[in-house]
Each structure stands twice: as C-alpha cells, then as structure tokens.
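A short worksheet on the structure shown next.
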Protein chains: 2
Amino acid sequence: MANPKGISNSPSSRKVPLNRDVVLSTALELVDTEGLDGLTMRRLGQELERDPMSLYRYAANRAALLDGITELVLNELAIFADDPDWQAQLRRIAHDLRLLALRHPNVVPLLVTRPLSTPLGLRPLGTLRPLEQILGLLIGAGFSPADALHVYRAYYGFLYGHILNELQEYIVDPEENVALLRLGLHRLPVTEFPTLRALGPVLADYDGDAELDQGLTLLLSGLAAQLAG
Amino acid sequence: MANPKGISNSPSSRKVPLNRDVVLSTALELVDTEGLDGLTMRRLGQELERDPMSLYRYAANRAALLDGITELVLNELAIFADDPDWQAQLRRIAHDLRLLALRHPNVVPLLVTRPLSTPLGLRPLGTLRPLEQILGLLIGAGFSPADALHVYRAYYGFLYGHILNELQEYIVDPEENVALLRLGLHRLPVTEFPTLRALGPVLADYDGDAELDQGLTLLLSGLAAQLAG
DNA sequence: GCCTAAAGTCTACATTGTAGACTAGTTGTC
DNA sequence: GACAACTAGTCTACAATGTAGACTTTAGGC
C-alpha cells in the first residue's frame with residue numbers, strides 16, 4: 001500500500017516500469033487486500049498508473065492474470081527434492097503451504113479452482129512444479145513411480161482438504177471470530193442442529209496447525225506401512 | 001373464455017409455475033450443461049420463459065442463487081445418523097459424495113468456495129446439515145464431542161481433497177482424456193519435468209474410486225486407533 | 001365489482017472485460 | 001540525420017452482466 005490513493009506519487013518517483021512480475025505482484029496485493037472481486041482490470045491499471053488496456057501486454061486476459069497469481073504464490077513454496085527424509089520434507093512443505101494459504105486466503109479459491117478448468121498438461125508451469133518436485137522427492141526416496149503418485153495424491157488431497165477446512169473457520173480477528181460464531185450458531189434452529197450448537201465452544205478454539213500435524217502423522221505413517229507391506 | 005389469458009398459447013410449452021425449487025433445479029441444470037459462466041440471470045430467465053427480473057422473487061441475488069444450488073446438490077446426499085457402524089457409514093457417504101461430484105463437476109467449485117466467503121453460522125442450512133448429521137453419527141457411536149469434531153475434520157478434509165484431486169484429472173471423454181494428457185505432457189520442457197512426463201501412462205489410468213477407498217481405510221483405521229489409545 | 005397482495009415485466013444504469021485503431025517513444029540501419 | 005521497425009501505452013467503443021425502481025398484470029377474497 002505504498003500508494004493508497006494514487007496522488008501521493010511525487011514527480012520524481014516516476015512510474016514504475018512495467019513487466020509481468022510487477023503486474024502480477026500488484027495484482028496479488030490487490031487480491032490480498034480487497035478480495036478477488038476487487039481485482040478488476042481498471043482497478044489494477046489505476047494501481048499501476050496505466051491505462052487498463054496496457055495490462056494486456058503482460059497477461060492475455062483476466063483468467064491468465066489469475067493463473068499468473070496462483071503461479072506467483074506457489075513459487076513462494078520451497079521444495080527440496082533431494083531430501084532423503086521424505087516424511088520430514090512432506091511435513092515441512094505441508095506446514096509451509098498452510099501458512100502460505102493463511103497469508104493469502106483470497107488466493108486459495110484460485111489455487112483450488114483454476115486447475116479444475118485446465119487439463120493438467122496445459123496448466124501454467126509454475127503450478128506443476130510442486131507436483132514434479134514432490135514426485136521426484138518420493139522416487140528419490142525409493143518409491144516406484146506408481147507408488148509415488150499414489151502417495152502424492154493422498155498427501156496433496158489431504159493437505160488441500162485441510163486448508164479448505166481450516167479457512168472455512170478462519171476469520172481475521174479472533175475476537176470477532178468467537179462473536180460471529182456464537183451469533184451464527186445461535187441463529188440455527190435448535191431442534192435441527194443440537195449438536196452443532198452445543199459444539200460452539202469447541203469449534204471456537206481450533207488449532208489448525210496441530211490438527212494438520214496429527215493428520216499428517218496418521219497419513220504418512222499409514223502410507224509408509226501400506227507400502228512396506 | 002376457456003383460457004382467459006394466462007396461457008396465451010405461447011408457441012411451444014406453456015409456462016411452468018415458478019417456485020424456488022423449480023428455479024434452483026433449472027439453474028443447476030444450466031450449470032451442469034453450460035458451466036458456471038453459463039448461468040446468467042438472463043439465460044436462466046429465458047430458460048424459464050420469464051423476465052430475468054422475476055427470478056429475484058426466489059433468490060435475493062446471484063450469489064444467493066449459487067448458494068441455493070449448493071444446497072440443492074448437498075440435499076441429494078443421504079446420511080443415516082443412527083447407523084452404529086460409523087466407519088461403514090462414513091465410507092458410504094464418501095463414495096456417494098464422490099459420485100455426486102462427478103455428476104455435477106461444475107458445482108464442485110461452489111461446494112468448495114462458497115463456504116469460504118460465509119462464516120459458518122450464516123451458511124444456508126442445507127449445507128450445514130451434513131456436518132450436523134455426521135457429528136451426530138460420531139457422537140452416537142461413542143465419541144466425545146471434541147473427538148467427533150476431530151474425526152469429522154480429518155474425514156471431510158480428506159474427502160474434499162480427494163474430490164478436487166480427482167476432478168483435476170477428470171475429463172469427460174476418456175479417449176480425449178488420454179489424448180489431451182499426452183498432448184499436454186508433451187508440451188512440458190523435458191529438462192524441467194522429467195518425472196511428470198515419464199508418468200504419463202500411469203497418470204492416464206487413474207481409478208478414483210479405489211484410491212478414495214484406500215485412503216479411507218487408512219484414515220479411518222488410523223483415527224480409530226489414535227482415539228482408542 | 002372492488003381491494004389487496006403476489007407475480008411478473010419494463011426501463012435504465014453502472015460496471016465489467018476486451019477488441020481495434022491509434023500515438024509516442026526508442027532503437028537500429030544506412 | 002532519415003527512416004523504418006518495434007515496443008509500450010492510450011483512447012474510444014461496445015456488448016454483456018447484475019440489479020434497482022417503478023410499473024402492470026393476475027388471482028382471490030369480500
């Protein structure tokens with residue numbers, strides 16, 4: 001938010017030269033602060049002090065821009081494909097991705113949704129890199145390719161599921177969280193939602209990190225055993 | 001006058017009387033056949049032979065319409081909360097939901113995405129019912145409320161993750177599937193994506209049902225053990 | 001027949017993505 | 001220096017969308 005209203009630009013700080021990365025990062029900022037709907041071509045153009053049309057030099061259209069954003073975010077994820085301890089590595093990646101998702105909650109719908117409309121082979125390379133690297137990691141650790149794929153699927157499925165789950169209960173201000181939760185639950189018909197209503201307090205304190213970790217332990221050891229036998 | 005004016009013998013079919021269910025089901029059909037973007041107020045109005053504006057009697061706005069669709073779809077899911085065999089029940093539900101997702105692939109983004117923008121307590125009741133019922137099932141099977149929530153989260157997280165995973169690789173025509181896959185993989189830079197490219201054939205025959213089932217076995221038995229100890 | 005409420009329609013408008021033609025600035029070539 | 005070729009950016013314009021607000025039509029009850 002270096003330039004909230006647009007006018008604060010001194011003549012010396014001439015317009016930033018544009019390139020794909022600048023465009024995408026600004027777009028990401030915009031999505032982070034104003035949500036997905038806040039990202040319009042016009043708004044982004046204004047943020048960059050350009051005509052909206054100039055953006056089309058750096059992304060074919062809005063959809064491509066969204067793809068670019070997901071790529072950008074996934075690039076923040078570091079994967080060390082040569083780590084011999086695959087379990088530890090997968091565990092670390094999972095926690096990293098979780099934090100990434102919490103840092104960019106508005107991007108998560110993109111992460112989850114964009115691949116649904118693009119066949120695997122045609123996705124932005126940046127989004128395929130984690131897949132490639134994790135497969136490499138697993139195969140490097142001794143798994144057969146087919147087993148590696150199997151492990152990957154179980155792992156990534158679980159991971160994305162957890163993130164979605166957690167984000168559904170996530171609200172920025174923890175105070176407001178409890179309040180909103182109570183308010184919401186109170187609204188539910190008692191006769192039809194007794195359990196849910198009773199669980200209010202338990203719902204309120206949710207340790208996503210711990211829950212993820214437990215799930216991982218269960219999944220990874222299970223997978224290891226399954227594949228050993 | 002045997003037909004005062006209501007039915008001014010419009011060319012083809014006389015208008016169906018409107019109500020929320022008709023509107024929502026037609027909307028769902030539209031989403032199924034033409035995708036999410038195909039669902040516009042004007043298009044839906046046309047489908048129902050009404051002015052688009054009349055739809056606002058049955059859904060406050062487009063977002064509410066989407067919520068209604070997710071509710072409609074989730075209503076197709078039967079849950080027997082009094083089944084003493086919780087594992088079998090969860091397993092069956094999972095397979096049912098998977099089939100549901102495959103039957104309405106275009107709705108899956110809604111299923112996953114809508115809850116992210118609505119705090120739990122304010123969601124359409126229909127979308128909370130599965131949660132309530134599964135919690136009931138688990139508590140009925142002897143779990144403490146907190147443990148039930150824990151199990152539910154692991155379970156639903158995994159389930160949604162799997163569905164997303166599978167749908168990412170799902171393409172209607174299996175012939176085209178293989179073709180597109182090959183085509184796409186071939187496009188990938190060899191140096192950067194050796195593993196992925198090599199896995200082409202293995203990727204192509206993916207048995208989502210089996211994979212889901214294995215994952216469930218692992219997860220459920222793991223959870224049972226974890227909670228017993 | 002009149003009255004009321006519900007159902008449906010018409011018009012109008014602000015916002016959006018983006019096509020297409022154009023301009024200004026930079027660079028390389030002779 | 002003249003000029004061509006690019007590259008970056010702008011301007012105008014348009015079709016599509018969601019939806020507000022005022023209106024008209026229909027159905028039932030009295």
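Values reported hereafter were calculated over all heavy atoms of this structure, with side chains retained and with hydrogens, waters and symmetry mates removed. All chains are named by letter (A, B, ...) in the order of the sequence lines, taking the proteins before the strands, and each is independently numbered beginning at 1.
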Exercise for review: Could you pull out the closest heavy-atom pair between A:Pro52 and A:Met41, with the gap in Å?
Suggested key: CB-O, 3.8 Å
Indicate yes or no: at least one non-hydrogen side-chain atom of [X] is less than 4.5 angstrom from one of [Y].
X: B:Glu132; Y: A:Arg197; value: no
X: B:Leu120; Y: B:Leu128; value: yes
X: A:Leu28; Y: A:Val107; value: yes
X: A:Arg153; Y: B:Glu169; value: yes

Round to a whole Å and report the spacing from [atom1] of [X] to [atom2] of [N].
X: A:Met41; N: C:dA19; atom1: CE; atom2: P; answer: 10 Å
X: A:Leu44; N: C:dT15; atom1: CG; atom2: C1'; answer: 16 Å
X: A:Gln46; N: C:dT15; atom1: CD; atom2: C1'; answer: 14 Å
X: B:Arg42; N: C:dT11; atom1: CZ; atom2: C1'; answer: 11 Å

Study note, to complete from the structure: By ring pair (Phe, Tyr, Trp, His ring centres under 6.0 Å), A:Tyr152 pairs with (sequence neighbours left out) A:Tyr156
Name every donor-acceptor pair, under 3.5 Å, that has one atom in a side chain of residues 70-77 of chain B and the other anywhere in the protein, sequence neighbours excluded.
from: B:Thr70; atom 1: OG1; to: B:Asp67; atom 2: O; distance (Å): 2.7
from: B:Glu71; atom 1: OE2; to: B:Gly126; atom 2: N; distance (Å): 3.0
from: B:Glu76; atom 1: OE1; to: B:Arg103; atom 2: NH1; distance (Å): 3.0
from: B:Glu76; atom 1: OE2; to: B:His104; atom 2: NE2; distance (Å): 3.3

Review point. Which value, rounded to the nearest 0.5 Å, describes the distance between A:Leu90 atom CG and A:Phe158 atom CZ?
Key: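 That separation rounds to 12.0 Å.
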If you restrict it to nitrogen or oxygen atoms, what contacts under 3.5 Å exist between nucleotides 8-11 of chain D and the protein, and what is each distance?
from: D:dA8; atom 1: N7; to: A:Arg57; atom 2: NH2; distance (Å): 3.2
from: D:dG9; atom 1: OP1; to: A:Arg50; atom 2: NH1; distance (Å): 2.5
from: D:dG9; atom 1: OP2; to: A:Tyr58; atom 2: OH; distance (Å): 2.7
from: D:dG9; atom 1: N7; to: A:Arg57; atom 2: NE; distance (Å): 3.0
from: D:dG9; atom 1: N7; to: A:Arg57; atom 2: NH2; distance (Å): 2.7
from: D:dG9; atom 1: O6; to: A:Arg57; atom 2: NH2; distance (Å): 2.6
from: D:dT10; atom 1: OP2; to: A:Asp51; atom 2: N; distance (Å): 2.5

Check your understanding: Which residues in residues 59-71 of chain A have at least one heavy atom lying under 4.0 Å from any atom of DNA chain C?
Key ->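 Hits under 4.0 Å, by residue number: A:Asn61, A:Arg62.
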Check your understanding: Does any residue of residues 24-33 of chain B have a heavy atom under 4.0 Å from DNA chain C, and if so, which ones, in number order?
Key ->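 Within this stretch, nothing sits under 4.0 Å of the strand.
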Review point. For residues 23-35 of chain B, which residue pairs qualify under salt bridge (charged side-chain N to carboxylate O under 4.0 Å, His left out), counting only residues two or more places apart or in two chains?
Key: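 Of all non-adjacent pairs touching residues 23-35 of chain B, those that pass salt bridge (charged side-chain N to carboxylate O under 4.0 Å, His left out) are B:Glu34-B:Arg43.
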Point to revise | Neighbour count >12 (heavy atoms, 6.0 Å) for atom CG, B:Asp207 | key: yes
